Amino acid sequence: MHYRLNEPDVIQETVEGATLIVHSRSGSYYSLEGSGTVIWNAVLAGHPVARIEAWFANGSEGERAAIRDGLRAFINALLAENLIVPATEAATQVPAAPGTAEPKPAFAPPELRKFTDMQELLLVDPIHDVQPEAGWPLQKEPPPAS
Amino acid sequence: MTPAWQPSPQQELLLEACVAEGAPAAAARKAWLGNTDLQQLEGGSQRLLPLLAARTAPQEIDAGARVLIQGAYRKTWYQNQLLLAAAREMAARLSSDGIPVMLLKGAALSLEYYRDAGARPMGDLDLAVPTGQARQAVEHITRAGWTPEATPLTATMTPGRRRDSGWVPGLRPLAGFDERYFNVRHAHGFRHANGLGLDLHWHVFQGDCEPDADEETWRNAHPVTHRGSTFWIPAPEEHLLLLLAHGARWSPTSSIRWVADAATLLRACPDLDWDQFLAAAVRRRQTCAALDLLRYLGTRFGVAVPAEVVRELAEHPVTPKTRSAHRRSSSRPTPLTGVTELSYLHARYRALRRRSPGACPAGFFRFVCSILGAEHPGQVLSYAWREGVRRLRGIR
């Protein structure tokens with residue numbers, strides 16, 4: 001099974017290893033890093049999920065099962081958010097092996113971070129209102145009520 | 001007094017970090033990052049952080065500052081994508097009714113010159129339509145869920161401060177978008193419930209509101225296709241002039257990004273038609289702004305501006321009144337600026353009386369009331385008094 005980006009509603013870009021995704025109808029913002037970015041780009045390049053799984057898995061059967069479960073959960077999350085849709089046509093070209101441009105990262109269950117409050121996202125000052133170690137869009141904890 | 005368009009030495013360092021190339025840019029980034037506390041940054045410099053993020057390699061910056069600057073880039077990318085999606089939606093609605101849409105300022109710069117959706121923040125979306133179709137465009141925009149904001153009285157009036165005391169304009173009703181208003185104002189702001197802002201321009205340049213003022217701009221514009229939608233973009237010569245005219249005006253948030261915008265445009269357009277630029281500057285009565293800002297850009301940032309262009313701008317005859325108006329618009333508003341504003345309103349009143357007497361109420365005060373949305377002259381007089389006192393005291 002392979003998938004494609006849900007265009008034109010979803011816009012995405014990978015910058016310095018992090019993937020930024022916006023669903024322009026809902027205004028939701030998503031971010032991916034690490035193996036999430038590698039898998040996302042492999043999916044968008046037209047790789048079937050089984051090939052991505054095989055690329056990551058080179059260890060024991062137990063490890064392979066964990067990768068399969070993690071990948072399935074991730075793809076299901078992307079589908080549930082309407083970020084990708086099943087591709088009706090096969091890719092016209094066989095894409096290069098996923099991740100060949102970069103060293104293969106160790107598989108870690110990818111995390112799709114989701115931020116839904118558009119008004120808040122627009123109001124957060126990226127210098128003064130954010131967690132200093134995480135940056136926008138993660139806001140500082142509000143001060144405890146006295 | 002230093003004009004508002006001229007960056008401070010620290011701002012110049014940041015601009016150099018953003019627009020210079022090679023070793024000088026890297027040295028500027030190192031110097032600026034080394035002596036800047038991001039938490040204390042003023043608004044004009046903060047608006048340049050996304051561009052700085054796009055120009056800075058990870059190894060050039062310590063992890064703490066990098067997280068914040070990258071965050072500024074990501075927020076800009078997110079907001080710009082939503083604004084461009086709104087632009088596509090509005091272009092579809094307006095073009096279905098035969099109304100062409102031109103992108104101005106941030107949206108056009110992002111697509112055409114920066115070519116990076118996260119590098120150049122847009123506070124709102126600047127869309128232009130032909131003057132004769134402005135009323136139709138306002139109706140489409142409001143039907144799409146955008147609400148007209150209050151008529152802005154001066155650059156110093158921010159919504160929070162308007163509630164101080166006395167009369168202030170309310171949200172502009174749909175009926176207030178009439179020939180009088182289109183004859184005085186060049187644009188109006190709209191706000192969507194989702195928090196996005198849109199500036200609808202029926203004239204491209206502030207203060208240039210003759211019905212045919214933009215014919216040349218539309219004639220010289222070119223189409224661009226973005227994710228399946230077609231927009232018009234001003235010719236680079238007109239766009240550069242717009243950046244300079246806009247950058248020359250005083251604004252509550254320092255407008256120094258005009259340097260980055262103009263330098264980026266000029267680098268992307270080495271074959272710029274300077275004769276066309278000069279003709280536009282004369283036609284738009286913007287030779288003073290163009291001269292001051294281009295001369296500065298060439299001298300301080302080494303951007304290629306032909307010497308004969310600077311000479312022709314300097315030699316173009318300018319009346320003392322125009323020169324004085326340029327100086328005033330480049331400085332924080334004073335009570336004297338109010339005279340310029342009134343003089344502008346009176347000129348527009350006389351122009352409308354000549355052109356369509358039926359569209360113009362009898363009496364200048366009634367005209368001002370209808371532009372500002374006031375019910376009677378007393379409200380305008382009390383506003384003028386309070387604003388005069390406020391400016392005299394230098395309150396922002």
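Proteins get letters first, then strands, A, B, ... in listed order; numbering begins at 1 in each. All figures in this text were calculated on a predicted structure; none of them were measured in a lab.
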Kindly determine whether B:Val67 and A:Glu133 satisfy side-chain contact (heavy atoms from CB on, under 4.5 Å), including the steps that lead there.
CA-CA 7 Å; B:Val67 164; A:Glu133 69 285 357; over 6 Å; no
A quick test of your reading: do over 12 heavy atoms of other residues, nucleotides or ligands sit less than 6.0 Å from [atom1] of [X]?
X        : atom1 : answer
B:Lys30  : NZ    : no
B:Arg227 : CZ    : yes
A:Arg72  : CZ    : no
B:His201 : NE2   : yes

Minimum heavy-atom distance between A:Leu122 and B:Asn194, given as atom pair plus value
CD1-O, 3.8 Å
When every non-hydrogen atom of A:Leu121 is compared with those of B:Lys75, the smallest separation belongs to O-CE, 3.6 Å
Select one option (side chain, backbone, both, neither) describing which atoms of [X] are under 4.5 Å from chain A's heavy atoms.
X       : value
B:Gln46 : side chain
B:Gln39 : both
B:Leu82 : side chain
B:Leu49 : side chain

Say whether, by atom type as modelled, one donor and one acceptor occur between the side chain of A:Gln119 and the main chain of B:Ala193 under 3.5 angstrom.
yes
If you round to the nearest 0.5 Å, how far is [atom2] of [Y] from [atom1] of [X]?
X        : Y        : atom1 : atom2 : value
A:Trp136 : B:Trp77  : CH2   : CH2   : 9.0 Å
B:Gln79  : A:Met118 : CD    : CE    : 8.5 Å
A:Ser31  : B:Arg74  : OG    : CZ    : 6.5 Å
B:Asp116 : A:Glu13  : CG    : CD    : 6.5 Å

Pick one of side chain, backbone, both or neither for A:Val124, based on which atoms fall under 4.5 Å of a heavy atom in chain B.
backbone
With a 4.5 angstrom heavy-atom cut-off, which part of A:Gln12 approaches chain B: side chain, backbone, both or neither?
backbone
Interface check, chain B: of A:Ala18, A:Pro132, A:Pro137, most non-hydrogen pairs under 4.5 Å belong to A:Pro132
May I ask you to name which of B:Leu84, B:Ile69, B:Leu68 has the most heavy-atom pairs under 4.5 Å with chain A?
B:Leu68
Which residue is it: A:Ile11, A:Val22, A:Leu20? I am looking for the one with a side-chain contact (heavy atoms from CB on, under 4.5 Å) to B:Tyr78.
A:Val22
